[in-house]
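Reading through the structure tokens given below for one structure.
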Amino acid sequence: MVKVYYEDSVAQDALTGKTIAIIGYGSQGHAHAQNLRDTGHEVIIGLRPGKSADAAKEDGFEVLTVAEATKKADLIMILAPDEVQGDLYKNEIADNLEAGNALAFGHGFNIHYGVITPPADVDVFLAAPKGPGHLVRRTFTEGFAVPALFAVHQDATGKASDIALSYAKGIGATRVGVLETTFKEETETDLFGEQAVLCGGLTSMIEAGFETLVEAGYQPELAYFEVCHELKLIIDLIYEGGFAKMRNSISNTAEYGDYVSGPRVITDVAKAGMKDVLTDIQNGKFAEGFIKENQAGFPEFKAMRAKAAGHQIEAVGDELRKMMPFVNKKD
Ligand code: NDP
Ligand code: MG
Ligand code: MG
């Protein structure tokens with residue numbers, strides 16, 4: 001059974017008197033930094049000059065270089081993109097770590113796949129919210145949070161768990177629950193989730209559904225509403241009360257169709273594909289491909305991104321969303 005920590009189970013604040021450096025001020029970085037500041041912690045930002053650095057200054061943070069911030073802080077949370085963390089660590093962080101510091105991550109990728117190997121005298125942990133950074137901030141300001149995972153890779157001080165949990169509390173996550181895991185489990189399940197279901201599986205399914213209707217001669221706008229726009233309403237019901245609440249809310253016709261047709265679409269073949277995806281995550285093949293792509297300047301990545309942006313569903317959706325300004329909440 002997974003161990004879950006809430007506000008009350010994280011009693012003493014192991015971060016008292018410590019300076020926290022957040023490296024990066026993007027999706028996760030701005031949310032961690034602002035939430036930690038609001039819970040009374042000393043936060044500085046480590047960044048190169050640019051858009052994020054300007055935004056962090058605008059928001060009232062002290063912005064230093066990554067090297068300076070690492071030197072000044074007791075806890076260094078790396079929230080730069082996964083693919084730049086290896087070089088960033090080597091060039092600016094490694095030499096500025098001190099014994100007893102804590103090095104933290106929002107995703108286990110670089111530790112798990114051996115891209116970064118910290119010295120033995122620092123604590124290494126992860127605190128990974130299970131949601132996009134903008135929701136980590138938005139839910140916090142609303143008095144809630146996004147649940148998070150935490151794991152300790154290396155416990156040099158004997159306090160790594162307390163520090164990790166205090167950090168998770170500082171970003172608000174203990175309000176809804178912090179689950180204990182390992183770097184291996186967080187990394188592999190996170191990659192699988194985003195590839196097979198949340199991002200990859202979902203967009204491929206929406207595209208296939210959209211194409212099936214449009215190729216059969218139905219109007220693209222109807223197809224968009226049917227297989228894309230309505231999805232949020234369905235997901236909201238599942239999010240609130242599981243499949244049961246969703247199935248309770250839809251018509252009997254829809255529920256009957258759900259049972260008889262869902263398994264005709266997501267067949268054993270689709271599940272075998274998921275198992276292949278998981279295998280490549282477990283044996284490091286996916287990570288190796290991503291790292292090599294990055295070293296080459298992301299040629300394939302950029303080509304796939306351009307191709308996806310050119311899909312008809314994107315143009316149809318852009319037009320329809322102009323009529324629905326309420327769907328695009330600004331953060
Ligand atoms: P973003 O791409 O949103 O932000 C990255 C930040 O790092 C930016 O502020 C960027 O600044 C900065 N940065 C980029 N390159 C460098 C560099 N060479 N030196 C210094 N700073 C740099 O990243 P995410 O927030 O998406 O991801 C951060 C981490 O959080 C990753 O480990 C990811 O796996 C994890 N995570 C992300 C989630 C998400 O919701 N996005 C969810 C859970 C975990 P600049 O403007 O200068 O480019
Ligand atoms: Mg991820
Ligand atoms: Mg219907």
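These values consider heavy atoms only, across backbone and side chains, with no hydrogens, waters or symmetry-generated copies. In each ligand, atom 1 is the first atom listed, and ligand 1 is the first ligand listed.
- Residue G26 has at least one nitrogen or oxygen atom sitting less than 3.5 Å from a nitrogen or oxygen atom of ligand 1, judged on distance alone.
- Between the choices G46, P81, G108, G24, the shortest heavy-atom distance to atom 13 (N) of ligand 1 belongs to P81.
- Ring planes of H153 and F183: tilted class, angle from 30 to 60°.
- At a cut-off of 3.5 Å, with distance as the only test, no side-chain donor of E185 or T189 sits close to an acceptor on the other residue.
- Of all protein heavy atoms, the one closest to atom 12 (C) of ligand 1 is L47 CD2, 3.8 Å.
- Within the 4.0 Å heavy-atom shell around ligand 1 one finds P132.
- Ligand 1 has at least one atom lying under 4.0 Å from a heavy atom of Q85.
- No N or O atom of H107 sits closer than 3.5 Å to an N or O atom of ligand 1.
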Please set out all donor-acceptor pairs under 3.5 angstrom arising from side-chain atoms of residues 305-313, sequence neighbours excluded.
{"residue": "H311", "atom": "ND1", "partner": "I313", "partner atom": "N", "Å": "3.0"}
{"residue": "H311", "atom": "NE2", "partner": "E211", "partner atom": "OE2", "Å": "2.8"}

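- Ligand 1 lies within reach of G133, whose nearest heavy atom is under 4.0 Å from it.
- For L88, every heavy-atom contact with ligand 1 shorter than 4.0 Å involves the side chain, none the backbone.
- Using a cutoff of 4.0 Å between basic side-chain nitrogens and carboxylate oxygens, K322 and D318 are not scored as salt-bridged.
- Numbered from 1 in the order shown, with element, the atoms of ligand 1 that lie under 4.0 Å from a heavy atom of P129 read 43 (C).
- Salt bridge present: D258 and R247 bring a charged side-chain N and a carboxylate O closer than 4.0 Å.
- Using modelled atom types, one finds a donor on one side chain and an acceptor on the other under 3.5 Å when comparing T174 with E7.
- Looking at R48, H32, K51, it is R48 that brings a heavy atom closest to atom 15 (N) of ligand 1.
- Nearest N/O/S atom of E194 with respect to the Mg ion (ligand 2) is recorded as OE1.
- Taking the Mg ion (ligand 2) as reference, the nearest N/O/S atom within D190 carries the name OD2.
- Residue A53 does not touch ligand 1, judged by heavy-atom distances below 4.0 Å.
- For atom 37 (C) of ligand 1, the nearest protein heavy atom (residue, atom name, distance) is Q28 CG, 3.3 Å.
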Only distances under 3.5 Å count here; give the side-chain donor-acceptor pairs of residues 27-34 to other protein atoms, sequence neighbours excluded, each with its distance to 0.1 Å.
{"residue": "S27", "atom": "OG", "partner": "G133", "partner atom": "N", "Å": "3.1"}
{"residue": "Q28", "atom": "OE1", "partner": "H32", "partner atom": "NE2", "Å": "2.9"}
{"residue": "Q28", "atom": "NE2", "partner": "G131", "partner atom": "O", "Å": "3.1"}
{"residue": "H30", "atom": "ND1", "partner": "G26", "partner atom": "O", "Å": "2.9"}
{"residue": "H30", "atom": "ND1", "partner": "S27", "partner atom": "O", "Å": "2.9"}
{"residue": "H32", "atom": "ND1", "partner": "Y167", "partner atom": "OH", "Å": "2.8"}
{"residue": "Q34", "atom": "OE1", "partner": "R137", "partner atom": "NE", "Å": "3.0"}
{"residue": "Q34", "atom": "NE2", "partner": "Y25", "partner atom": "OH", "Å": "2.9"}
{"residue": "Q34", "atom": "NE2", "partner": "D59", "partner atom": "OD2", "Å": "3.3"}

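- Contact analysis puts G131 in contact with ligand 1, with a non-hydrogen atom separation below 4.0 angstrom.
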